Structure formats: C-alpha cells, structure tokens
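Here the structure comes first, spelled out in structure tokens, and everything after it is commentary.
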Amino acid sequence: MSEIEHTCAFPLDRGAGNNLFGCWLGPAIGLLDLDAFFASVEQLDHPEWRGRPLIVGGDPEERGVVSTASYEARRFGVHSAMSSAQARRLCPDAVWTHSHFDRYRELSGKVMDILADETPFVERVSIDEAFFDITPGRYSCESPLEIAERIRSRVSELGITCSIGLSTSKTVSKIASERDKPRGLTVILPGTEKAFLRPLSVRAMSGIGASAEAALKRAGIHTLGQIADASPAVLTSVFGCHAERMRLRAKGEERSPVSPVDASDEIKSVSCERTFATDLTERSDVDAALALLAESVGRRLRRHGLAGRTVTVKVKFSFGQGRTVQRKLPHRTDDENIFIPVGRALIDTFWGPGIHVRLLGVGISDFERAEGIQTDLFTEVDDRGAVASPRRDLSVAIDQVREKYGSDVVGYGRAARFDNGGQRRH
DNA sequence: TCTGGGGTCCTAGGACCC
DNA sequence: TCTGGGGTCCTAGGACCC
C-alpha cells in the first residue's frame with residue numbers, strides 16, 4: 001500500500017467545507033503529465049542507461065536539438081529545445097539516442113488505458129499529457145485524491161512516472177502539475193484557486209507565449225492576478241475576442257469541460273521537414289530533398305488513409321528568414337508523384353541565384369470528407385475519391401517493403417542522394 | 001551557441017460573386 | 001454606370017503547444 005504523498009499549495013480550509021478526506025466541492029479535473037517521457041522510456045528499455053544523464057534528440061554535429069533530457073541531464077542545465085551542440089558542451093558525458101516514436105506511442109496508449117479504466121471522461125492533449133474528470137458523483141463517488149493517487153501508482157507499474165495536478169479547472173490543474181515534478185501530486189483545493197494563481201507569472205498559463213507576454217508587459221501586466229484585474233480594453237488589445245475567457249482562466253473560474261475527443265481527434269495536416277547539416281545551394285539538391293520529404297509525407301498519408309488538397313512548402317534560408325507557400329490542387333491526393341511537381345513549382349516562386357536553404361518542409365492538408373469530393377469527367381479518381389498517378393502503385397509497393405524490412409532498404413533514385421538525417425552523401 | 005520537428009488555430013488581405 | 005455590403009475562397013504569416 002503506497003503512502004499518500006501530495007503537495008497542497010495552500011493549507012486546508014476546513015471552514016469552507018473542503019477536507020482532504022471528506023468531500024470535494026465542485027468539479028474535480030486532473031492533468032496527468034508523464035515525467036521526461038521519451039527519456040524515461042529509453043531508460044526503461046535500456047537498464048544500463050538508468051541513473052545516467054540521457055539526452056533524446058538530434059546529433060550535435062548536425063544542427064540537432066534536444067527533444068527530452070532525463071532528470072540526471074537536466075541537472076547540468078540541459079533542457080528541451082536546446083541545441084544539441086550546447087547540450088553536449090553542458091553535459092559531455094551524456095548518453096545520446098534518437099527518438100523511437102512507435103515505442104513512445106505504445107506506452108502512451110497504456111497510460112491512456114489506465115485513465116480510461118478510471119473514468120470515461122479523458123481528453124488526450126498530446127502523447128504525454130491528458131486531462132481527466134473525476135468529479136465525485138459524475139462517474140464514481142470515490143474521493144478525487146484517492147483516484148489520482150491510484151492513477152499515479154498504476155502508471156509507475158509500467159516503469160515510468162507521471163505528475164498530476166488536481167483542481168476544479170483545466171487551467172489550474174495544468175499549472176499545478178508542473179509544481180512538483182517528477183512523481184508529484186499537487187492539489188489545489190476548491191476555493192483556493194484564485195489565491196494560487198494570483199502571484200504567478202503570466203507565462204505560467206498555457207496559451208500565453210512570448211508574444212502575448214511582451215504585449216502584457218507593455219501594459220504593465222506581469223502576473224495572472226493583474227490579468228484578473230485588468231480593464232476589458234487592455235485585455236482585448238492583447239487577446240482580441242478571447243479576452244474575457246483569458247480573464248476567467250486567470251481567475252480560476254474557467255469551466256471548460258474535459259471533452260473526450262472524437263471529431264477533433266482527426267488529423268488536419270501531415271508534414272515533414274528537415275534542417276540540413278549544411279545548407280543546400282544547388283537547385284538539384286533542393287529538388288532531391290523535396291522528393292525525399294514528399295515520399296515520407298505520401299507514405300504517412302497512405303498509412304492513415306488520408307488524401308488532401310493543399311500542398312505547402314516551407315523554407316528557411318541561411319540568414320534566418322523563412323517563407324511558406326501553398327497551392328490548392330484541383331483534386332485531393334495521397335500520391336507524391338502528383339504533389340512533388342506542385343512542390344517544385346512552389347519552390348520556383350522563391351528560388352533565385354545565391355539562395356542557401358537551411359530547412360525545407362512539405363505538408364499536405366485540407367482533407368475532405370468522402371461525400372464532399374468533387375470530380376470531373378476527365379480525371380481518374382479512385383474509390384476514395386482521390387487522384388493518383390500511374391506510379392502510385394509503385395509507391396504503395398515501396399511502402400510495403402519499408403513496412404516489412406525498414407525504411408532504409410529501398411527508395412526512388414531521386415531521393416537517394418540524401419540519407420534520413422538529411423546529410424548529403426559523399 | 002543561436003533557435004528542431006510535429007502539429008493546431010487564428011487573422012488579414014485580395015479576388016470574386018451576388 | 002456607379003455605389004455599397006456581405007459572403008466565401010485562397011493565400012501568407014504568426015502565435016502557440018509539446
């Protein structure tokens with residue numbers, strides 16, 4: 001029997017009728033966040049890496065960045081999104097590994113199963129985060145604290161750990177979950193939300209990024225309490241039509257429900273981009289890179305059974321600026337043989353002498369539902385209403401070989417000049 | 001030391017139509 | 001011929017998230 005440990009940000013106010021071991025007033029919404037998730041999975045799968053600084057991310061020699069650092073590596077100052085080169089300087093002895101998404105997805109699924117076993121009201125936010133509603137009386141009459149404690153303990157049986165924030169709203173629980181990582185359970189009791197939020201920096205609240213923070217600072221607003229007290233005009237100048245919703249969130253009075261996602265679950269776009277170890281300066285290299293990225297997008301579209309109508313090409317130049325250009329196709333497709341030429345035409349719109357390409361990306365979006373598809377008499381359309389080139393069959397055959405033997409085995413000649421790291425082959 | 005890769009959502013302007 | 005207004009589609013860009 002695990003002993004109940006938790007952090008209460010504020011002393012219990014028994015007078016208000018809230019008691020840890022008694023009743024919980026109002027909604028009980030939890031946010032579960034897996035601790036250093038990718039790094040924890042790697043340490044689970046490689047016992048020899050446990051207890052050592054571990055970095056999941058791109059190669060330091062190739063403009064990579066840190067995806068996740070284990071807590072041992074974080075002690076050296078390494079954190080997500082830091083360039084791998086800097087991480088290596090801070091922690092030269094760290095173990096490095098690339099990410100293994102299929103494995104992360106598998107474990108994430110097991111965690112979601114645990115949540116689903118405790119309550120039907122689960123809203124998955126990302127691969128390592130989910131909200132869950134355990135309001136007493138909605139599904140179970142058990143104390144929210146006991147349920148949260150049990151979830152935490154069941155997750156640890158998988159060999160990874162999580163932190164949980166528990167309160168009456170999503171905003172507060174999300175912030176609370178960050179307070180005591182790893183393996184924390186932070187409870188903000190009903191009635192104490194406002195006092196908990198007031199002194200916090202505006203950046204603590206999700207939805208406020210660097211840009212909104214700067215705008216708020218110009219208005220003299222630094223804390224969530226100041227957002228709660230700000231004039232409607234000031235808030236509107238920063239948040240537009242979301243001003244009053246942001247105020248409610250900052251006051252701890254948000255009432256947005258945990259929505260088990262079905263429709264919003266659907267994929268809206270599929271894209272692939274690559275930062276090259278050395279800039280591309282030859283148009284032929286850029287075209288070859290486009291083909292490589294497009295094949296990856298095509299493969300994922302076919303795997304998901306999706307076909308889209310908008311092609312987007314994204315580019316970053318060596319001197320920092322970037323551009324995105326997009327074009328709508330007359331018909332949807334999942335066939336890179338169709339959208340590669342469109343991508344080339346989009347590259348034409350910004351290509352010129354002396355251009356150095358640091359990053360190139362390709363994306364497909366605008367997935368129509370089958371009943372909304374329009375066709376004409378002269379276009380061959382498959383049973384899902386998508387157009388395909390004669391070479392799509394070849395693409396599908398390559399998909400199958402890759403499924404079976406791994407992605408490095410076979411590919412078109414046009415993509416063979418780059419390996420998966422985007423490094424030019426010599 | 002600069003700043004990856006996968007996404008979502010929103011805004012704004014211009015074209016075009018009624 | 002001039003005028004205005006509204007709606008929708010397309011495109012580009014930006015903010016934000018993990």
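Bear in mind that the values here come from a model prediction, so they are computed numbers and not experimental data. Reminder, nothing fancy here: chain letters follow the sequence lines and each chain counts from 1. Values reported hereafter were calculated over all heavy atoms of this structure, with side chains retained and with hydrogens, waters and symmetry mates removed.
Contact annotation: A:K316 does not reach the phosphate of B:dC2 (side-chain N/O to OP1 or OP2, under 4.0 Å). For B:dG7, the OP1/OP2 oxygens have a side-chain nitrogen or oxygen of A:S271 closer than 4.0 Å. For the OP1/OP2 pair of B:dG4 and a distance below 4.0 Å, the side-chain nitrogens and oxygens of A:R358 include at least one atom meeting the criterion. One finds a side-chain N or O of A:R300 lying less than 4.0 angstrom from the OP1 or OP2 phosphate oxygen of B:dG7. When the side-chain nitrogen and oxygen atoms of A:S67 are compared with OP1 and OP2 of C:dC18, none of them lie within a distance under 4.0 Å. Contact between the side-chain N/O atoms of A:S269 and the OP1/OP2 oxygens of B:dT8 is found at a separation under 4.0 Å. Look at A:K328 and you'll find a side-chain N or O under 4.0 angstrom from OP1 or OP2 of C:dC10.
Ion pairing of A:D45 with A:R103 is present here, as a side-chain N (NZ or NE/NH1/NH2) and a carboxylate O approach within less than 4.0 Å. A salt bridge links A:K181 with A:D35: the closest approach of a Lys/Arg side-chain nitrogen to an acidic carboxylate oxygen falls below 4.0 angstrom.
Ring geometry for A:F38 versus A:Y104: interplanar angle under 30°, hence parallel rather than tilted (30 to 60°).
Of the listed nucleotides (C:dT11, B:dG4, B:dT3), B:dT3 has the atom at the smallest distance from the side chain of A:S83. Of the candidates C:dA12, B:dT3, C:dC17, C:dC17 carries the atom nearest the A:S206 side chain, counting heavy atoms from C-beta on. Considering only the side chain of A:R309, C:dC10 comes nearest among B:dT3, C:dG13, C:dC10. Minimum atom distance to the side chain of A:R274 is reached by B:dG5, of the listed B:dG5, B:dT8, B:dT3. Checking B:dG7, C:dA12, B:dT8 against every side-chain atom of A:K268, the shortest atom distance belongs to B:dT8. In this structure, the nucleotide among B:dT3, C:dA12, C:dA15 sitting nearest to the side chain of A:V65 is B:dT3. With B:dG7, C:dT11, B:dG6 as the candidates, the nucleotide lying closest to the side chain of A:R327 is C:dT11.
The CZ atom of A:F101 sits 15 Å away from the P atom of C:dC18 (whole-angstrom rounding). Rounded to whole angstrom, the span from the CD1 atom of A:I208 across to the C1' atom of B:dC9 amounts to 16 Å. Rounded to a whole Å, the CG atom of A:L293 is 8 Å from the P atom of B:dG6. Put simply, CD on A:E273 is 9 Å from P on B:dG7, counting in whole angstrom units.
Looking at which nucleotide of DNA chain B each of A:A81 and A:H242 is closest to, the 5′-most match is held by A:A81. The 5' end of DNA chain C is approached more closely, in terms of each residue's nearest nucleotide, by A:T310 than by the other of A:E129 and A:T310. Residue order along DNA chain C, read from the 5' end via each residue's closest nucleotide, puts A:R323 first among A:G209 and A:R323. Between A:V270 and A:Q86, it is A:Q86 whose nearest contact on DNA chain B lies nearer the 5' terminus.
Rounded to whole Å, the separation between the C1' atoms of C:dG4 and B:dC16 comes to 16 Å.
Shown here, B:dC18 forms a base pair with C:dG5; the pair counts as Watson-Crick or G-U wobble because both key distances fall under 3.5 Å.
Taking both residues in full, the closest heavy atoms of A:A307 and A:D334 are given as CB-N, 3.9 Å, listed atom of the first, atom of the second, then distance.
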